[in-house]
Amino acid sequence: MLKFTLQAKSINARAGVIETPHGNILTPVFMPVGTVGSVKAMSPHELKEGHAQIILGNTYHLYMRPGHELIRDAGGLHKFISWDRPMLTDSGGFQVMSLAVLRKITKEGVKFQSHIDGSYHLFTPEKVIEIQEALGADIIMSFDECPPYPTTREYVEKSLKITLNWAVRGKEAFTNTKKQALFGIVQGGVYEDLREKSAVKLMEMDFDGYSIGGLAVGEPKADMFRITEFLNPILPVDKPRYLMGVGTPTDLLNNIANGVDMFDCVMPTRNARKGSIFTRYGKMIIKAARYKEDFNPIDSLCPCYTCRNFSRAYIRHLITMNEILGMRLTTIHSLYFYQELMQMARKAILNDSYAAFLTEMLPILDMIVE
RNA sequence: GGAGAGGUUCCCGAGCGGCCAAAGGGAACAGACUGUAAAUCUGUCGUCAGACGACUUCGGAGGUUCGAAUCCCCCCCUCUCCA
């Protein structure tokens with residue numbers, strides 16, 4: 001079981017605290033993605049300096065390599081990667097869509113070929129729970145199918161039926177209930193009636209939290225916001241809601257306004273490694289020629305290690321040179337910024353000024369810093 | 001001094017009479033990235049034009065030809081080997 005306490009609401013934005021065996025998480029929260037047991041380019045120490053409260057791991061990847069049994073033998077994922085704060089593992093449902101080319105989805109589960117060596121594997125909802133219990137994250141995900149976009153309503157409907165069935169089976173198979181919390185994943189594409197059906201069915205099963213999956217897969221942004229807004233009054237108030245795989249800073253703020261508590265996304269880390277940095281002034285493409293002789297920090301107001309010590313010109317040079325340090329420094333900043341943004345959002349919610357906060361921030365964050 | 005090789009668009013480098021504004025690579029420039037097979041991918045890259053297209057380029061000058069980066073002549077400059 002997982003305890004979630006709602007502390008405040010501002011418009012529909014929520015601030016709360018999630019209690020886990022590895023400590024509390026203040027929401028809204030952004031969770032850096034550490035797919036294979038590492039937030040790329042970051043040490044646990046750096047993640048903590050960047051105020052990361054919880055990080056992600058991935059069932060699919062860790063099952064493939066090094067193997068969930070090895071991680072269990074190592075004492076669990078926390079110990080294996082030396083991270084003592086909360087963790088969450090994704091179920092692998094997304095990978096089934098994104099990379100297992102040869103896949104066959106049946107009621108039983110998904111038979112697919114490894115992207116590594118071509119070997120065949122079967123993921124069932126029970127197997128996915130077993131793997132996640134071996135990994136030992138504080139929060140784990142039910143196995144789902146994430147339908148691609150665009151697709152037909154018929155497909156989404158069929159897929160949803162399977163995902164709901166998998167949710168039932170996964171929940172039944174789940175035994176480590178004292179140390180881990182299990183979230184159900186709401187699917188249903190861009191169709192409100194399917195989303196509602198999905199949410200209601202999952203709520204009947206009483207999960208520890210509710211994930212919203214299948215968004216930010218290519219649909220128009222308006223559809224994403226429409227769905228989270230639609231789900232907001234349906235999902236239970238006293239359970240955390242997790243919007244999977246989202247997103248940009250503005251996506252986060254807009255979805256917080258729709259009652260979402262948790263996010264994860266590859267964006268701050270992946271983009272940072274390529275020189276696209278998120279700041280309070282918008283997106284900074286550090287490779288741009290205009291930074292060649294710019295000896296200011298990325299953000300002179302930012303207290304992160306990168307901004308305290310390095311210039312745009314130097315970071316541009318490192319990224320241009322493809323130096324590891326460049327990727328590390330940009331990642332440190334972008335993750336710090338994401339955490340800071342969440343802290344500001346939380347503060348605004350607690351002060352009941354979230355609407356004003358949104359009005360102030362939204363116009364800036366999507367722009368490219370000139 | 002003798003023998004040979006070569007000078008191509010920012011760089012390297014292909015082309016060796018028309019299909020060449022000129023392959024390919026690099027650099028540069030501009031972007032994309034949303035539950036991470038990503039240190040990946042895309043576009044631009046002679047000038048002007050929205051586009052059709054026009055104009056100026058292949059060391060320099062002349063010539064042959066309907067047509068030359070490609071053939072001929074002279075000149076300049078690099079590199080290698082021999083003395």
Side-chain angles (χ1 to χ4, degrees), chain A residues 30-42 54-62 64-65 88-101 112-118 128 132 137 139-149 163 183 185-187 210-221 223-225 228 242-252 254-255 260 262-278 283-292 316 318-328 330-331 334 338 366 368 370:
Chain A
F30 176 79
M31 308 180 282
V33 179
T35 305
V36 301
S38 155
V39 176
K40 292 188 193 300
M42 291 294 97
I54 168 172
I55 62 172
L56 252 71
N58 190 284
T59 298
Y60 174 91
H61 297 269
L62 293 169
M64 289 294 179
R65 292 183 297 198
L88 181 153
T89 44
D90 183 23
S91 65
F94 187 78
Q95 279 62 43
V96 165
M97 172 193 76
S98 70
L99 62 85
V101 182
F112 60 92
Q113 256 187 306
S114 160
H115 71 279
I116 299 157
D117 61 4
V128 161
Q132 292 187 90
I139 300 171
I140 68 175
M141 294 297 122
S142 181
F143 193 41
D144 70 324
E145 197 216 338
C146 180
Y149 183 92
T163 291
F183 281 27
I185 303 179
V186 178
Q187 287 291 353
Y210 297 90
S211 302
I212 302 167
L215 291 178
V217 291
E219 80 287 353
K221 285 218 178 201
D223 283 332
M224 171 173 71
F225 297 134
T228 54
Y242 162 31
L243 178 56
M244 308 181 83
V246 173
T248 67
T250 51
D251 288 344
L252 265 54
N254 280 316
N255 285 302
V260 174
M262 306 164 69
F263 302 89
D264 80 283
C265 191
V266 136
M267 226 165 209
T269 45
R270 178 189 283 169
N271 289 21
R273 269 178 275 130
K274 289 134 193 189
S276 192
I277 306 167
F278 293 101
K283 194 167 69 175
M284 180 178 283
I285 299 176
I286 199 67
K287 283 199 283 188
R290 57 182 170 276
Y291 301 120
K292 196 170 184 178
R316 176 188 133 89
L318 292 175
I319 291 289
T320 305
M321 293 291 105
N322 218 9
E323 280 292 328
I324 295 167
L325 182 60
M327 300 180 195
R328 286 170 27 74
T330 51
T331 303
S334 281
Y338 262 60
D366 273 342
I368 293 180
E370 290 294 341

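All figures in this text were calculated on a predicted structure; none of them were measured in a lab. Every chain is numbered from 1, with letters handed out A, B, ... down the list of sequences.
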Legend entry - Under 4.0 angstrom between A/Lys292 side-chain N/O and B/A28 OP1 or OP2: no
Inset, instruction - Write down the distance between NZ (A/Lys287) and C1' (B/C41), rounded to a whole number of angstrom. - result: 11 Å
Legend entry - Interatomic distance, A/Asp251 CG vs B/C33 P [rounded to whole Å]: 10 Å
Legend entry - Pairing partner of B/A28 (Watson-Crick or G-U wobble, both distances under 3.5 Å): B/U44
Inset, instruction - Indicate, with a heavy-atom threshold strictly under 4.0 Å, whether A/Asp264 touches base, sugar-phosphate, or nothing. - result: sugar-phosphate
Legend entry - Nearest-neighbour nucleotide for the A/Ile368 side chain, B/G31, B/A39, B/A37 considered: B/G31
Legend entry - Nearest-Å distance once atom P is located in both B/C73 and B/C20: 28 Å
Inset, instruction - Let me know the distance between CG of A/Asn255 and P of B/G35, rounded to the nearest Å. - result: 14 Å
Inset, instruction - Determine the interatomic distance between C1' on B/C33 and the same-named atom on B/C16; round to the nearest Å. - result: 45 Å
Legend entry - Donor-acceptor side-chain pairing of A/Thr89 and A/Gln132 below 3.5 angstrom: yes
Inset, instruction - Describe the nucleic acid contact of A/Gln187 in one word from base, sugar-phosphate, nothing, applying a heavy-atom distance below 4.0 Å. - result: base
Inset, instruction - Provide the Watson-Crick or G-U wobble partner of B/G67, both distances under 3.5 Å; none if there is no partner. - result: none
Inset, instruction - Please work out if A/Ala41 contacts a base, only the sugar-phosphate, or nothing of the nucleic acid, heavy-atom cut-off 4.0 Å. - result: nothing
Legend entry - Sugar-phosphate only, base, or nothing, as touched by A/Leu215 at under 4.0 Å among non-hydrogen atoms: nothing
Inset, instruction - Sort out the partner of B/C52 for me: Watson-Crick or G-U wobble, both distances under 3.5 Å, none otherwise. - result: none
Legend entry - Rounded distance in Å - CZ (A/Arg270) to P (B/C41): 13 Å
Inset, instruction - Please figure out whether A/Val33 or A/Asn322 has its closest RNA chain B nucleotide nearer the 5' end. - result: A/Val33
Legend entry - A/Tyr338 vs A/Phe278, ring-ring contact (aromatic ring centres under 6.0 Å, His included): CA-CA, chis, key distance, verdict: CA-CA 8 Å; A/Tyr338 262 60; A/Phe278 293 101; 5.5 Å; yes
Legend entry - Counterpart base for B/C74, defined by Watson-Crick or G-U wobble contacts under 3.5 Å: B/G60
Legend entry - Pairing partner of B/A14 (Watson-Crick or G-U wobble, both distances under 3.5 Å): none
Legend entry - P atoms of B/G60 and B/C71, separation to the nearest Å: 16 Å
Legend entry - Of A/Gly213 and A/Ile285, the one whose closest RNA chain B nucleotide lies more 5': A/Ile285
Inset, instruction - Send over the distance from A/Met284 CE to B/G31 P, rounded to a whole Å. - result: 13 Å
Inset, instruction - Return yes when atom CG of A/Leu325 has more than 12 non-hydrogen atoms of other residues, nucleotides or ligands closer than 6.0 Å, and no otherwise. - result: yes
Legend entry - Residue-phosphate contact under 4.0 Å: A/Asn58 side-chain N/O, B/G35 OP1/OP2: no
Inset, instruction - Scan A/Thr250 against the nucleic acid and name what it touches under 4.0 Å (heavy atoms): base, sugar-phosphate only, or nothing. - result: nothing
Legend entry - C1' spacing across the pair B/C79 / B/G25, given as an integer number of angstrom: 23 Å
Legend entry - Among B/A32, B/A39, B/U34, the one nearest A/Val246 by side-chain distance: B/U34
Inset, instruction - Take atom P in B/A27 and the same atom in B/U80, then report the distance between them in whole Å. - result: 28 Å
Legend entry - A/Gln187 side-chain N/O to A/Ile185 backbone N/O, donor-acceptor pair under 3.5 Å: no
Inset, instruction - When you get a sec, tell me which of B/A30, B/U34, B/A28 is the closest nucleotide to the side chain of A/Ala289? - result: B/A30
Inset, instruction - Could you check how far OH of A/Tyr149 sits from P of B/U34, rounded to whole Å? - result: 16 Å
Inset, instruction - Please round to the nearest 0.5 Å and tell me the distance separating atom OG1 of A/Thr330 and atom NZ of A/Lys287. - result: 11.0 Å
Legend entry - Pairing nucleotide - B/U9, Watson-Crick or G-U, each distance under 3.5 Å: none
Inset, instruction - For A/Asp90 and A/Tyr60, test the side chains for any donor-to-acceptor distance below 3.5 angstrom and give the result as yes or no. - result: no
Inset, instruction - Would you please confirm or rule out a distance under 4.0 Å between OP1 or OP2 of B/G35 and any side-chain N or O of A/Gln95? - result: no
Legend entry - C1' gap between B/A21 and B/C48, integer Å: 14 Å
Inset, instruction - Using only heavy-atom distances, decide whether a donor-acceptor pair under 3.5 angstrom links the side-chain of A/Thr269 to the base of B/U36. - result: yes
Inset, instruction - Return no unless some side-chain N or O of A/Arg316 is found under 4.0 Å from OP1 or OP2 of B/C29. - result: yes
Inset, instruction - Quickly work out the A/Lys283 NZ to B/A30 P distance and round it to whole Å. - result: 13 Å
Inset, instruction - Measure the distance from CZ on A/Phe94 to C1' on B/A37 and round it to the nearest whole Å. - result: 12 Å
Inset, instruction - Kindly point out which of B/U36, B/G35, B/A30 is positioned nearest to the side chain of A/Ala288? - result: B/A30
Legend entry - B/G18 and B/A3, which share atom name P, separated by this distance in whole Å: 33 Å
Inset, instruction - Could you tell me whether the phosphate oxygens of B/U36, OP1 or OP2, come under 4.0 Å of any side-chain nitrogen or oxygen in A/Ser98? - result: no
Inset, instruction - Check every strand shown and say whether A/Gly34 touches a base, only sugar-phosphate, or nothing at a heavy-atom separation below 4.0 Å. - result: nothing
Legend entry - Nearest-neighbour nucleotide for the A/Met267 side chain, B/C33, B/G31, B/A37 considered: B/C33
Inset, instruction - Assess the side chains of A/Asp366 and A/Thr250: does a donor N or O sit below 3.5 Å from an acceptor N or O? - result: yes
Inset, instruction - With heavy atoms under 4.0 Å as the rule, sort A/Ile116 into base, sugar-phosphate or nothing. - result: nothing
Inset, instruction - Quick one: look up who B/A3 pairs with, Watson-Crick or G-U, both distances under 3.5 Å, and put none if it's unpaired. - result: B/U80
Inset, instruction - For B/U40, take OP1 and OP2 only and decide whether either is under 4.0 Å from a side-chain N or O of A/Arg273. - result: no
Inset, instruction - Select one nucleotide: of B/G35, B/U40, B/A37, the one nearest the side-chain heavy atoms of A/Lys274. - result: B/U40
Legend entry - Rounded distance [0.5 Å steps], CG in A/Leu243 versus CE in A/Met262: 11.0 Å
Legend entry - Pair A/Tyr242-A/Val260, side-chain contact (heavy atoms from CB on, under 4.5 Å): steps then yes or no: CA-CA 6 Å; A/Tyr242 162 31; A/Val260 174; over 6 Å; no
Inset, instruction - For B/U44 versus B/C66, give the span between their P atoms, rounded off to a whole number of Å. - result: 39 Å
Legend entry - Shortest side-chain distance from A/Ala216, nucleotide among B/A28, B/U34, B/A38: B/U34
